[in-house]
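Notes for the one structure printed next.
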2 protein chains.
Amino acid sequence: MSGEQTEKPGRKPRIRDAEATKARILDAAKKEFAKNGLGGARVDDIAEKAKANKRMIYHYFESKEGLFQTVLEDAYLDIRSAEQKLHLEDLDPKGALEKLVRFTWEYYLKNPEFLTLVNSENLHRAKHLKKSEIIKVSSRKLVSLVSSILERGVTAGVFRDGVDPVQLNITIAAVGYYYLTNRFTGTIIYERDLMAKDALEQRIQFNIDTIMRLVTI
Amino acid sequence: MSGEQTEKPGRKPRIRDAEATKARILDAAKKEFAKNGLGGARVDDIAEKAKANKRMIYHYFESKEGLFQTVLEDAYLDIRSAEQKLHLEDLDPKGALEKLVRFTWEYYLKNPEFLTLVNSENLHRAKHLKKSEIIKVSSRKLVSLVSSILERGVTAGVFRDGVDPVQLNITIAAVGYYYLTNRFTGTIIYERDLMAKDALEQRIQFNIDTIMRLVTI
DNA sequence: CAATTAACGCACTAACTAGTTACTTCTTTA
DNA sequence: TAAAGAAGTAACTAGTTAGTGCGTTAATTG
């Protein structure tokens with residue numbers, strides 16, 4: 001997010017700041033896209049909330065869809081980079097897996113926009129993500145992270161052999177994602193406040209249990 | 001779907017058929033809402049695809065949101081009624097649970113509109129479902145279905161005690177729903193065709209395994 | 001069969017929406 | 001310091017969009 005113009009540290013604050021404007025637009029866009037979806041979000045609203053002129057959006061991002069693509073890429077890069085920062089390779093297999101399940105849950109909980117952005121992208125059959133090469137590269141790292149945890153666990157005799165790392169990855173995401181993205185209908189269907197503090201604690205424990213039982217011998 | 005006017009069995013076919021028109025509108029609306037979301041769907045397109053006049057939509061359903069609400073209610077009632085028709089009470093606990101997991105998966109697979117409709121409703125914070133009393137009633141039946149399978153399993157000594165039926169229910173839905181609703185981004189992230197025949201078979205087996213391990217002692 | 005009711009359709013509108021044109025103002029650098 | 005270029009703005013356009021007013025035609029019923 002910090003661009004070419006911020007090299008000199010001691011420079012005076014600019015009134016005209018391209019990077020800051022861009023960042024404000026991206027931040028506002030993320031919120032609007034998450035709240036209303038790609039189709040429901042309004043470019044005028046994004047401009048207003050970013051305290052920028054609508055013209056600037058087209059100047060920096062070319063189109064509404066171009067803006068959406070950047071927002072989506074940034075969102076994926078953020079979670080992928082956070083996963084790498086967990087340093088799961090330093091933990092024992094069981095501890096690493098539990099930490100990943102917990103992290104995934106907490107990330108979704110703190111960044112609900114991520115869930116809505118992904119839903120919106122899937123409604124559009126991933127047409128924006130398809131164009132992004134950087135996303136593929138960073139995704140591979142996640143899969144190999146889980147692979148290596150599984151392998152270490154099998155070697156240590158604590159995990160069973162033959163668990164597909166991709167299926168495991170999907171399941172770790174699924175048990176948290178579904179609960180949180182469908183929290184509104186879920187609260188009605190199950191007649192229970194799924195977002196109450198104790199309900200959230202119960203769920204993360206349940207999810208850890210689910211995943212641990214899945215890999216245990 | 002069959003209304004008051006169809007009482008007499010031997011009547012002549014009508015050129016003007018309110019029930020048939022309503023049904024065509026609902027069918028077209030379901031497809032359009034599923035494809036584009038509530039915000040993205042176009043009333044004109046729904047009318048055209050239903051081979052009805054737009055005026056009829058407002059005549060029968062009052063508004064675009066009224067139409068969406070009806071579509072959503074019908075979708076929920078359909079899956080809830082199909083679940084009841086499984087007669088899981090006639091099967092042993094393990095068989096019943098496996099059948100429910102398999103049914104849920106196959107229902108999502110055959111009715112992908114259901115997933116998108118639910119996503120759309122959650123984007124709108126369940127404001128339409130909130131108004132629907134009939135949905136709450138039919139949901140209770142699903143929860144008690146799973147509860148009784150669990151109880152029977154515990155009594156028979158095949159399931160462990162203390163598994164929350166709501167959490168189990170959510171998890172059964174989650175492992176299928178997430179995989180299918182995010183199939184477009186998933187195919188990119190995991191660089192694997194998630195909808196290939198063998199991939200789908202692998203997933204349902206994995207899901208059954210996940211759920212069985214979760215409830216087994 | 002006349003009168004009423006319900007189904008249906010055309011054509012319109014008022015508000016909105018993504019994107020643009022043409023311009024001003026600030027900042028950098030040759 | 002002058003010129004160039006980049007940042008920023010207001011007002012506009014062309015096309016959409018949900019929703020309606022009002023008239024027509026078919027079916028029902030007394």
Hey, are A:Tyr107 and A:Asp78 close enough side-chain-wise for a donor-acceptor pair under 3.5 Å? yes
Examine the side chains of B:Thr181 and B:Asn119 and answer whether a donor and an acceptor come within less than 3.5 Å of each other. yes
Classify the side-chain pair A:Thr185/B:Asn122 by whether it contains a donor and acceptor separated by less than 3.5 Å. yes
Just checking B:Ala41: base, sugar-phosphate only, or nothing, at a heavy-atom cut-off of under 4.0 Å? sugar-phosphate
Assign the ring pair A:His128 / A:His124 to parallel, tilted or perpendicular, where the plane angle (0 to 90°) is split at 30° and 60°. perpendicular
Rounded distance in Å - CD1 (A:Ile25) to C1' (D:dT9): 13 Å
Any chance the side chains of B:Asn182 and A:Tyr178 put a donor and an acceptor closer than 3.5 Å? no
Quickly work out the A:Lys22 NZ to D:dG8 C1' distance and round it to whole Å. 15 Å
With the threshold set at under 4.0 Å for non-hydrogen atoms, list the residues of residues 46-58 of chain B touching DNA chain C in residue-number order. B:Asn53, B:Arg55, B:Met56
Rounded to the nearest angstrom, tell me the gap between atom CG in B:Asp17 and atom C1' in C:dC8. 13 Å
Atom OH of B:Tyr60 to atom C1' of D:dA18: distance rounded to whole Å? 20 Å
Length of the line joining B:His59:NE2 and C:dC8:P, which is rounded to integer Å: 9 Å
Looking just at side-chain N and O atoms, do A:Thr171 and B:Arg203 make a donor-acceptor pair shorter than 3.5 Å? yes
Whole angstrom value for the distance that separates P of C:dT27 from CD of A:Glu19: 16 Å
So A:Phe61, base contact, sugar-phosphate only, or nothing? Heavy-atom distance under 4.0 Å. nothing
If I take atom CD in residue B:Glu32 and atom P in nucleotide D:dA18, what distance separates them, rounded to the nearest angstrom? 11 Å
Taking all non-hydrogen atoms of both residues into account, name the closest pair between A:Arg102 and A:Ile204 and its distance. CA-CD1, 3.9 Å
Using a 4.5 Å cut-off on heavy atoms from C-beta on, say whether the side chain of A:Leu26 contacts that of A:Leu67. yes
Do B:Glu191 and A:Ser139 have side chains that get closer than 4.5 Å, going by heavy atoms? no
Below 4.0 Å: OP1/OP2 of C:dC8 and any side-chain N or O of B:Thr21: yes
Using the 3.5 Å cut-off, write out each protein N or O paired with an N or O of nucleotides 14-16 of chain C and the distance between them.
none

In whole angstrom, give the distance that lies between atom CG of B:Asp44 and atom C1' of C:dC12. 13 Å
